[in-house]
2 protein chains.
Amino acid sequence: MSNAYNRPDQLSPELRRRVLDTARRLGYPGPDPVARSLRTRKAGAVGLLLTENLSYAFRDPAAIGFLEGLALACEDAGTGLLLVPANPEREDVASVHRAGVDGFVVYSVPDDDPHLAAVLERPVPTVVCDQPDLGTVDRVGIDDRGAMYELAKHLISLGHRRVGVVCMRLARDRNDGFVTADRQHAAHFHVQRNRLSGLAEAFSEAGVDWSQVPVVERFDHNTASGASGAAQVLDKDPQITALICTSDVLALGAMTEAARRGLRVPHDLTVTGFDGIRAGEEAGLTTVRQPVLEKGRAAGKLLLDASERSRPRSVNLSTELIIGKTSGPPRGGAEERWFGP
Amino acid sequence: MSNAYNRPDQLSPELRRRVLDTARRLGYPGPDPVARSLRTRKAGAVGLLLTENLSYAFRDPAAIGFLEGLALACEDAGTGLLLVPANPEREDVASVHRAGVDGFVVYSVPDDDPHLAAVLERPVPTVVCDQPDLGTVDRVGIDDRGAMYELAKHLISLGHRRVGVVCMRLARDRNDGFVTADRQHAAHFHVQRNRLSGLAEAFSEAGVDWSQVPVVERFDHNTASGASGAAQVLDKDPQITALICTSDVLALGAMTEAARRGLRVPHDLTVTGFDGIRAGEEAGLTTVRQPVLEKGRAAGKLLLDASERSRPRSVNLSTELIIGKTSGPPRGGAEERWFGP
DNA sequence: AATTGGTTCTGAACCGTTACGGTCCTTTCA
DNA sequence: TGAAAGGACCGTAACGGTTCAGAACCAATT
C-alpha cells in the first residue's frame, strides 16, 4: 500500500495500478501525513516562535525581512514553516507543546518568556535569533552593542553631547515613559539591552553622564510610538541636539514629530535609526543597516543543516553604518561645544 | 500518563506528582504532538498554499496584508499557520501531501495549478481566495470585474478613450509582452482575468475597440515590471492618455517611467492602480481599495468555523473606488474628444 | 454481611503509516 | 533436472499517544 504511493520501484506496475485503482474506488484519500510523521519521526516543518501577536510580524519591516529569509531557506529544503501562535499576554505554552515540528526558530523574544522555556524543553534542535547566546542551542545575530557604539561615535565626532533616546520595549510589562538605569540594565530584550549599552559606553567615554540622558521607552512598535516618544524626550529637554532611536520605524516617527515642531533635520535636530529598512533609506535616514533577510536565511540553514550538530554554533552577521541626511553637527557648530562651558 | 498531563482532575494530586516526577527523572520530554495529532485527528494548524515562491509573499504588500489577516484569525483560534512550500516551477505536490493540517487556505494560484488539485483531493476543509468559485469549497474574494468596471467608467467619464494596460501574469508560463485577446480570455489567474474583462466591457460600451488596446503582461510583480511594462505600452502608442495597471505596485512603477519620460501625471498621462496599498495612498494613486486584511481574516474564520459546513459558502467583500491625484481629463480636454473626429 | 455508589487506577485497543523480514514464485545456470 | 539466486509480494510490529471499559478500592446505606 505504502509502496504503491511512495516506492513505485518496489512493485510491479500492474499491481501498483490495481492497488491505486481499488484505493480510489474505496475513496482512500492517500496516506495520512500525520501517521506518516509519527512513523518516520519527521514532521517536515519547522516552527517559528515570535514574541508578538502573529500579526505584528507582518507590520514590522525588519520582521518581514527575517521571515522572508527564513521562508527562503525552508523552501530550498522543501520544508514547511509553521507560525506558532504565542500570545504574549496569556502564559499559555500549549501551542508550543502542540506544534508538530522538527525544530524551532525563536526570533527576538524576551529572555524570560515562558514560550521560549517551553521550546527549550522540547527535544528538537533550536536556533535562537536576536537573543542572548544560551550556549546550548544555535544562535544567529549581529553585534548590536558594537554597531550602536559605532553609531554613537559618529554622533560624538559630529559634536553631539546632549542627546535623547527612544527605544522599543525593554520587558514584557508595558512602560510607556522614561527608563531608569536599572531597567536599562535589566532589559529582557537582548537586542534593546545591547543597543542601549553600546550607546552608554560610547557617550560615557566622551564624558557624558549617561544617567542624565533621557531615555524613553515605547511598548508598541510603530511610527506613532516614535512620534510620541520623541515628543516626550523633547518636552523633557528641548536642548538636545540628537535623538537616537533604536529602530528605523521609531526614527521615522520621530522625524514626523520634529517636523510638527518646526525643527529642521539635521540642522536643528539629528535623528538616527537602526535596521536599514526601505522607508528609512528613502528618507535618507542615518542608521545601522543589518542584513535581516540573511539573518532569517542563516537561521533556517543552521536549523536544517543536520551536519555538525555536535556543539552549538553561533553566527554573527556584519552590519554597516549608513550616514544619511538626518545627521549633522549640532546647531551652533561643533567647535562651540567642544570648547564651550 | 496522558491524564497526568492533560486531565489533572482525573487522578489524585499525589499520583500526579509521582508520575510527573518519575517522568522528569526518566527524561521524558512530554507528550509527542504528532502522536497526539494522529490519535485526536487534529493537527492544530491550517495550511496556506501560495502560488509563488514563499518568499514572494513577503514582498507584495497585498499578500502581506492577507497573511496578516489570516494570521490574526488563526491566532484567535489558537491554531498554527503552516506555510506550505509550493515551488511553481517544479510540479512537486508532495509538500501538499505531506502537510499535517486540519484545512487549507489557497490564495491566488492559477486555476490549473497542480498544487491546487492536490489540495482539493485531500479530505480536509478548504477555502479558496481570489480564485473562481469551485462550488465544492468555500470561497472568499471581491468583485474584481465590477470594481474594475467602475474604475474604467470613471476614466471614460473623464474623457479617456485611448488607453493602455499593464497587467500581472496571466498564466504559469512567462510572457513578458503584449497579450492577445485569446490569452486575456483564457487567463488562468481569476483575478487578472476578471479585471481585464471589466475593463474590456466598460470600454467596449464606450465605443472603444478593445482588441486594439495595447495590453502588456509582466511575469514578475514589482515596480521594475511596472516601469518596463509602461515603457512598452508607451513605445507602442505614445498617444494614449491613460495607463491602467492591475495592481498598485505596477502603477507605482509606471509613475516612475512616466516621470523618466517627462510626462506629468495626471496632466500628460493618467495612471491608475488596484489594491489600495499604503505606498499608493501616499502617492495619491487613483485606485480600487480592497480590504486585504479582512480577506485573510474572513478566509481564516470560514475555515475554522466548524458550523454550517453543510454547503460551500461564498463571501464577497466590498471594494471602494479611490479617486486620487493621478487621474484627470486627458490632455487637450475632455470636450475636444467628445466632439472630435 | 451484602448491596450500592462513587472514585481512583490499570490495561488494552486503536489511530494510519512505514520498516523489516519472511514466503513464494520465477528465472538462471550447472 | 535440481539448486541457487533474485524479485515480487505480504504480514506484522512498532511509532506514542488518547480513550474507554472495567477492576479495585473505600465508604455509606440497607
Side-chain angles (χ1 to χ4, degrees), chain A residues 1-45 47 78-80 82 84 93-104 118-119 121-125, chain B residues 1-45 47 78-80 82 84 93-104 118-119 121-125:
Chain A
M1 182 73 212
S2 165
N3 287 341
Y5 280 89
N6 311 316
R7 208 113 358 135
D9 52 309
Q10 293 294 307
L11 37 69
S12 65
E14 193 275 338
L15 176 69
R16 176 178 151 86
R17 192 189 48 71
R18 231 178 55 220
V19 169
L20 259 45
D21 269 10
T22 46
R24 199 185 326 272
R25 197 161 41 74
L26 265 49
Y28 174 75
D32 179 318
V34 177
R36 187 217 300 282
S37 289
L38 174 61
R39 182 65 238 239
T40 61
R41 329 227 47 161
K42 292 240 155 302
T79 313
L82 180 72
V84 177
V93 295
S95 54
V96 172
H97 289 139
R98 240 178 267 281
V101 295
D102 300 320
F104 279 99
V119 164
E121 275 176 11
R122 292 269 313 253
V124 293
Chain B
M1 181 72 212
S2 169
N3 286 341
Y5 280 87
N6 309 317
R7 208 112 356 137
D9 51 312
Q10 293 295 308
L11 38 72
S12 62
E14 193 276 339
L15 177 67
R16 178 178 150 85
R17 193 189 48 70
R18 231 177 56 220
V19 169
L20 260 43
D21 269 9
T22 46
R24 198 184 327 272
R25 196 161 43 73
L26 263 48
Y28 174 75
D32 180 318
V34 177
R36 164 188 289 149
S37 289
L38 174 61
R39 183 63 236 235
T40 60
R41 328 230 49 168
K42 291 240 156 300
T79 313
L82 180 71
V84 177
V93 296
S95 54
V96 172
H97 289 139
R98 239 178 268 280
V101 295
D102 299 320
F104 278 99
V119 164
E121 276 176 11
R122 291 271 311 256
V124 293

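Chain letters run A, B, ... following the sequence lines, proteins first and then strands; every chain starts at 1.
Here the closest non-hydrogen pair linking Gly44(B) and Asp102(B) is N-OD2, 2.7 Å.
Within the model, atoms CZ of Arg122(A) and NE2 of His97(A) stand 7.5 Å from one another, a figure rounded to the nearest 0.5 Å. Note: Tyr28(A) OH to Leu20(A) CG = 10.0 Å, rounded to the nearest 0.5 Å.
Between the CG atom of Leu38(B) and the C1' atom of dT18(C) there is a distance of 13 Å, given to the nearest Å. Atom C1' of nucleotide dC15(C) and atom CG of Asp32(B) are separated by 13 Å, given to the nearest angstrom. The CZ atom of Arg98(B) sits 14 Å away from the P atom of dT17(C) (whole-angstrom rounding).
Test Arg24(A), Arg25(A), Arg18(A) against Thr22(A) for side chain to side chain contact (heavy atoms under 4.5 Å, CB included) and you get one pass: Arg25(A).
Counting only heavy atoms from C-beta on, Arg41(B) has its side chain closest to dG16(C) among dT17(C), dT18(D), dG16(C). Distance from the side chain of Arg39(A) is smallest to dT18(C) among dT18(C), dC14(C), dG16(C). Of the candidate nucleotides dG16(C), dG17(D), dT18(C), dT18(C) has the atom lying nearest to any side-chain atom of Arg36(A). Of the candidates dG16(C), dG17(D), dT18(C), the closest approach to any side-chain atom of Ala35(B) belongs to dG17(D).
Regarding contacts with the backbone of dG16(D), every side-chain N or O of Tyr5(B) stays at 4.0 angstrom or more from both OP1 and OP2.
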